[in-house]
Amino acid sequence: MDWVNSTHLHIKIRSFAHMLNKILYAVVYSFSLLPLSLLLAFAKVLAYLNFYIIGYRKKLVIRNITNSFPNKTEAEILAITKMFYVRFFSFIMESLKLFSTDINELQCRTSCINPEIFSDPILANKSIIGVSGHLFNWEWLVGVRDNAPQKHMHGIYHPLTNKFWDEKIQQSRAIVGTDLITTSEIKERIRDKPNDGQSFYVFISDQSPSQYKKAKEFITFLNQPTAVITGWANLVIEKDFNLMYVEPIFVKPGHYQYKLHHIRPDGPEGFEPMELVKKYHELLEKSIHNQPFNYLWTHKKWKHKYPNNHS
């Protein structure tokens, strides 16, 4: 009967965990109902507390910014760090707002700078892979969604292990008009669909490879040897998709613009995967130089070093 008791215990634990998730979601949802202006004011308080007291990943942030901008003074580095934490906590509040906001509010807060890009005949009749970085706010792609002629916009993401919260996250992102596809599903989903110009796939592709053994390709990015992910570039070439860099630009608290850059090959022979990766990172680096406070400096992008046999 031990297995019966064990089964009952597991059922009770799962039931209790589900109840806690529902309670926490109710709190989060209620919090998200507050006006965004109030949430952003709260973000400034959190940024102040974090910079001067809590210090969440503060050493990592300062190291990343210092290594990326070796010509900046210590005072400039600290100023960027302070501004970054305001943007970081504002992003958290903006993400929470997705649980209760509607499309009309987001449309008032986002816009596409160059929607005329979609009239380029080169972009006609082919689906698009869009790549972006962890620039705030990479979640609010309404400005792109409203102008893109493609019927389907898909965001590629890493699913949460907690199924309850993974489902809630998917529901909140649906407000933006984006269908989420997991990283494990994307190859099969793309390969099964024709390249008919009806789909726009968005990859956030500046994170470090998850495992050291996957860190096979390196480029120089922000003054440092950087391991890069190349899977999306292989898909662009394999499916003959168009490629765009989606650039989020901070305008003012709670307001963003998005600029689209069509990445093209240098010659008629087409792309090589690393050429795509380098061109994308060059554009991303320019964005970071333009608004260094608007990049996610808390992630460990430079955790992988060159392997000993790297040439």
Engineer: Is Leu106 reachable from Val251 through a run of hydrophobic residues whose side-chain heavy atoms are each under 4.5 Å from the next?
Structural biologist: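 No, no single cluster joins them.
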Engineer: Please enumerate all residues that pass side-chain hydrogen bond (donor to acceptor under 3.5 Å, both in side chains) together with Tyr157, with sequence neighbours excluded.
Structural biologist: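 Listed in chain order: Asp166, Gln170.
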Engineer: Is there any salt bridge (charged side-chain N to carboxylate O under 4.0 Å, His left out) pair reaching into residues 251-261, and which pairs are they, with sequence neighbours excluded?
Structural biologist: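 Matches after skipping sequence neighbours: none remain.
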Engineer: Is His281 reaching over with its side chain to a backbone N or O of Val277, donor-acceptor style, under 3.5 angstrom?
Structural biologist: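 Judged by distance alone, yes, a pair lies under 3.5 Å.
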Engineer: Should the heavy atoms of other residues, nucleotides or ligands under 6.0 Å from CG of Asn67 be counted, would the total exceed 12?
Structural biologist: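 Yes, enclosed.
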Engineer: Donor-acceptor pair, distance only, cut-off 3.5 Å: does the side chain of Ser119 make one with the backbone of Glu116?
Structural biologist: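 Between the backbone of Glu116 and the side chain of Ser119 there is a qualifying donor-acceptor contact (under 3.5 Å).
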Engineer: Determine, for Arg264 against Asp120, whether the closest basic-nitrogen to carboxylate-oxygen distance falls under 4.0 angstrom.
Structural biologist: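 Here Arg264 pairs with Asp120 in a salt bridge, since their nearest N and O are under 4.0 Å apart.
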Engineer: Filter on salt bridge (charged side-chain N to carboxylate O under 4.0 Å, His left out), then keep only pairs touching residues 276-295, sequence neighbours left out; what's left?
Structural biologist: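 Qualifying pairs: Asp266-Lys279.
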Engineer: Picking from Ile263, Ile288, Val246, what satisfies side-chain contact (heavy atoms from CB on, under 4.5 Å) with Leu283?
Structural biologist: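 Checked Ile263, Ile288, Val246 against Leu283; only one passes side-chain contact (heavy atoms from CB on, under 4.5 Å): Ile263.
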Engineer: Take Ser132 and Tyr258 through the side chain to side chain donor-acceptor pair (under 3.5 Å) test and state the conclusion after the steps.
Structural biologist: CA-CA 10 Å; Ser132 191; Tyr258 297 89; over 6 Å; no
Engineer: Between Tyr85 (side chain only) and Ile80 (backbone N and O only), is there a donor and an acceptor less than 3.5 Å apart?
Structural biologist: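 No, because the side chain of Tyr85 does not come within donor-acceptor range (under 3.5 Å) of the backbone of Ile80.
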Engineer: Using 0.5 Å steps for rounding, measure from the CG atom of Leu243 to the NE2 atom of His261.
Structural biologist: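 Taking CG in Leu243 and NE2 in His261, the distance rounds to 12.0 Å.
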Engineer: Cluster question for you: counting only ILVMFWY and a side-chain heavy-atom cut-off of under 4.5 Å, with indirect links fine, are Ile92 and Leu60 together?
Structural biologist: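 No: no chain of side-chain contacts under 4.5 Å links Ile92 to Leu60.
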Engineer: Looking at side-chain heavy atoms only, is the closest gap between Trp297 and Phe88 below 4.5 Å?
Structural biologist: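 Contact flag for Trp297/Phe88 side chains = no.
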Engineer: Any chance you could lay out the side chain to side chain contact (heavy atoms under 4.5 Å, CB included) test for Ile169 and Phe99, step after step, and finish with the verdict?
Structural biologist: CA-CA 8 Å; Ile169 292 294; Phe99 286 113; 4.1 Å; yes
Engineer: Verify side chain to side chain donor-acceptor pair (under 3.5 Å) between Trp302 and Thr226, making sure each step is shown before the conclusion.
Structural biologist: CA-CA 6 Å; Trp302 293 281; Thr226 306; 2.8 Å; yes
Engineer: Which heavy atom in Pro115 sits nearest to a heavy atom in Asn147, and how many Å separate them?
Structural biologist: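 Looking at all heavy atoms of both residues, the shortest contact is CB-OD1, 3.3 Å.
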Engineer: Between CZ of Phe203 and CD1 of Ile181, what distance do you get to the nearest 0.5 Å?
Structural biologist: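 Phe203 atom CZ to Ile181 atom CD1 measures 8.0 Å (nearest 0.5 Å).
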Engineer: Using a side-chain heavy atom cutoff under 4.5 Å and only I, L, V, M, F, W and Y, what cluster partners does Ile113 have?
Structural biologist: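 So far as hydrophobic clustering goes, Ile113 is joined with Ile249.
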Engineer: If you apply the rule salt bridge (Lys or Arg N to Asp or Glu O under 4.0 Å), what do you find for Arg109 with Glu105, and how did you get there?
Structural biologist: CA-CA 7 Å; Arg109 295 180 176 278; Glu105 181 174 3; 3.3 Å; yes
Engineer: Begin from the C-alpha positions of His289 and Phe69 and carry the test ring-ring contact (aromatic ring centres under 6.0 Å, His included) through to its verdict.
Structural biologist: CA-CA 9 Å; His289 276 275; Phe69 302 102; 5.0 Å; yes
Engineer: Would you find a donor on one side and an acceptor on the other, under 3.5 Å apart, between the side chain of Thr73 and the backbone of Glu76?
Structural biologist: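 Flag set: sc Thr73 to bb Glu76 pair under 3.5 Å.
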Engineer: Can the positive tip of Lys22 be found less than 6.0 Å from the middle of the six-membered ring of Tyr25, inside 45° of the ring normal?
Structural biologist: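 Ring-cation test returns no.
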Engineer: Report the relative orientation of the aromatic rings in Tyr52 and Tyr48; use parallel for angles under 30°, tilted for 30 to 60°, perpendicular for over 60°.
Structural biologist: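 Ring orientation of Tyr52 relative to Tyr48: tilted.
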Engineer: I want to know whether Trp232 and Tyr280 have ring centres closer than 6.0 Å.
Structural biologist: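 Ring centroids of Trp232 and Tyr280 are less than 6.0 Å from each other.
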Engineer: Quick one: CD1 on Ile229 to OG on Ser205, what's the gap to the nearest 0.5 Å?
Structural biologist: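 Taking CD1 in Ile229 and OG in Ser205, the distance rounds to 5.0 Å.
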Engineer: Do His152 and Tyr201 have their ring centres less than 6.0 Å from each other?
Structural biologist: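 Centroid distance His152-Tyr201: not below 6.0 Å, so no.
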Engineer: Hey, is the main chain of Ile77 close enough, under 3.5 Å, to the side chain of Thr81 for a donor-acceptor pair?
Structural biologist: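 At least one qualifying donor-acceptor pair exists.
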Engineer: Do any N or O atoms from the side chain of Lys97 and from the backbone of Leu34 form a donor-acceptor pair under 3.5 angstrom?
Structural biologist: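 Side chain of Lys97 to backbone of Leu34, a donor-acceptor pair under 3.5 Å: yes, one is there.
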Engineer: Treating Asn294 as the side-chain partner and Leu135 as the backbone partner, does any N or O pair qualify as donor plus acceptor under 3.5 Å?
Structural biologist: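 Looks like no, no N/O pair under 3.5 Å.
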Engineer: Please say whether the positively charged group of Arg87, taken as NZ for Lys or CZ for Arg, lies over the ring of Phe250, i.e. under 6.0 angstrom from the six-membered ring centre and within 45 degrees of the axis.
Structural biologist: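 Ring-cation test returns yes.
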Engineer: Compare every heavy atom of Phe42 with every heavy atom of Met93, then report the nearest pair and how far apart it is.
Structural biologist: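 For Met93 versus Phe42, the nearest heavy atoms are SD-CD2, 4.0 Å.
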Engineer: I want to check something: taking the side chain as every heavy atom from C-beta on, are Asp206 and Lys301 in contact at a cut-off of under 4.5 Å?
Structural biologist: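 Touching, per the 4.5 Å side-chain cut-off.
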Engineer: Could you please spell out the steps behind the side chain to side chain contact (heavy atoms under 4.5 Å, CB included) verdict for Asn64 and Tyr295?
Structural biologist: CA-CA 11 Å; Asn64 283 343; Tyr295 187 59; over 6 Å; no
Engineer: To the nearest 0.5 Å, what is the distance between OG on Ser172 and CD on Glu167?
Structural biologist: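 Nearest 0.5 Å value for the OG-CD distance: 11.0 Å.
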Engineer: Quick one: does any side-chain atom of Ser100 pair with a main-chain N or O of Ser32 as donor and acceptor, under 3.5 Å?
Structural biologist: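 Yes: the side chain of Ser100 pairs with the backbone of Ser32.
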Engineer: What residue pairs, at least two apart or across chains, pass salt bridge (charged side-chain N to carboxylate O under 4.0 Å, His left out) with a residue in residues 228-243?
Structural biologist: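 Listed once each, the pairs are Lys126-Asp240, Arg191-Glu238.
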Engineer: Are Val86 and Leu38 joined in one hydrophobic group, where the rule is that I, L, V, M, F, W and Y side chains link up if heavy atoms are under 4.5 Å apart?
Structural biologist: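 In one cluster: no.
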Engineer: Using ring centroids (six-membered ring only for Trp), state whether Phe200 and His154 fall under 6.0 Å.
Structural biologist: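 Between His154 and Phe200, the centre distance exceeds or equals 6.0 Å.
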Engineer: How far does CD1 of Ile204 sit from CD1 of Ile156, to the nearest 0.5 angstrom?
Structural biologist: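 Nearest 0.5 Å value for the CD1-CD1 distance: 10.0 Å.
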Engineer: Would a distance-only check, ignoring hydrogens and angles, find a side-chain to backbone donor-acceptor pair under 3.5 Å from Asn162 to Trp165?
Structural biologist: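 Between the backbone of Trp165 and the side chain of Asn162 there is a qualifying donor-acceptor contact (under 3.5 Å).
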Engineer: If you measure from CG on Leu49 to OH on Tyr56, what distance do you get to the nearest 0.5 Å?
Structural biologist: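 These two atoms lie 16.0 Å from each other.
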Engineer: Quick one: salt bridge (charged side-chain N to carboxylate O under 4.0 Å, His left out) pairs with a partner in residues 172-190, sequence neighbours left out?
Structural biologist: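 Checked against salt bridge (charged side-chain N to carboxylate O under 4.0 Å, His left out) - neighbours excluded - the pairs reaching residues 172-190 are Glu139-Arg173, Asp179-Arg189.
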Engineer: Would you find more than 12 non-hydrogen atoms of other residues, nucleotides or ligands less than 6.0 Å from Lys44 atom NZ?
Structural biologist: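 Count not over threshold, so no.
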Engineer: For atom CD of Glu272, decide whether the heavy atoms of other residues, nucleotides or ligands shown that lie under 6.0 angstrom number more than 12.
Structural biologist: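 Check fails, neighbour count at 12 or below.
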Engineer: Answer with yes or no whether the hydrophobic clustering places Leu276 together with Ile122; edges join I, L, V, M, F, W, Y residues whose side-chain heavy atoms lie under 4.5 Å apart.
Structural biologist: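 Not linked; separate clusters.
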Engineer: So do the side chains of Val45 and Phe89 get within less than 4.5 Å of each other, counting heavy atoms only?
Structural biologist: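 With C-beta onward as the side chain, the pair stays apart.
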Engineer: Going through the distances and angles, do Leu260 and Glu247 end up as a side chain to side chain contact (heavy atoms under 4.5 Å, CB included)?
Structural biologist: CA-CA 6 Å; Leu260 301 173; Glu247 179 185 15; over 6 Å; no
Engineer: Between Phe136 and Phe91, is the gap from one ring center to the other below 6.0 Å?
Structural biologist: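 They qualify: ring centres under 6.0 Å apart.
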Engineer: Can a donor-acceptor pair be found, under 3.5 Å and without considering hydrogens, that links the side chain of Asn125 to the backbone of Gly197?
Structural biologist: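 Not at all, since once roles are kept as given, no pair shorter than 3.5 Å links the two residues.
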Engineer: I want to check a possible cation-pi pair here: Lys58 against Phe51, using under 6.0 Å from ring centre and within 45° of the ring axis as the test.
Structural biologist: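 Judged by the rule, Lys58 and Phe51 form a cation-pi pair.
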Engineer: Go through it in stages, so that I can follow the logic: the residues are Val131 and Met244, the test is side chain to side chain contact (heavy atoms under 4.5 Å, CB included), and I'd like the CA-CA distance, side-chain angles, deciding distance and then a yes or no.
Structural biologist: CA-CA 6 Å; Val131 284; Met244 280 189 180; over 6 Å; no
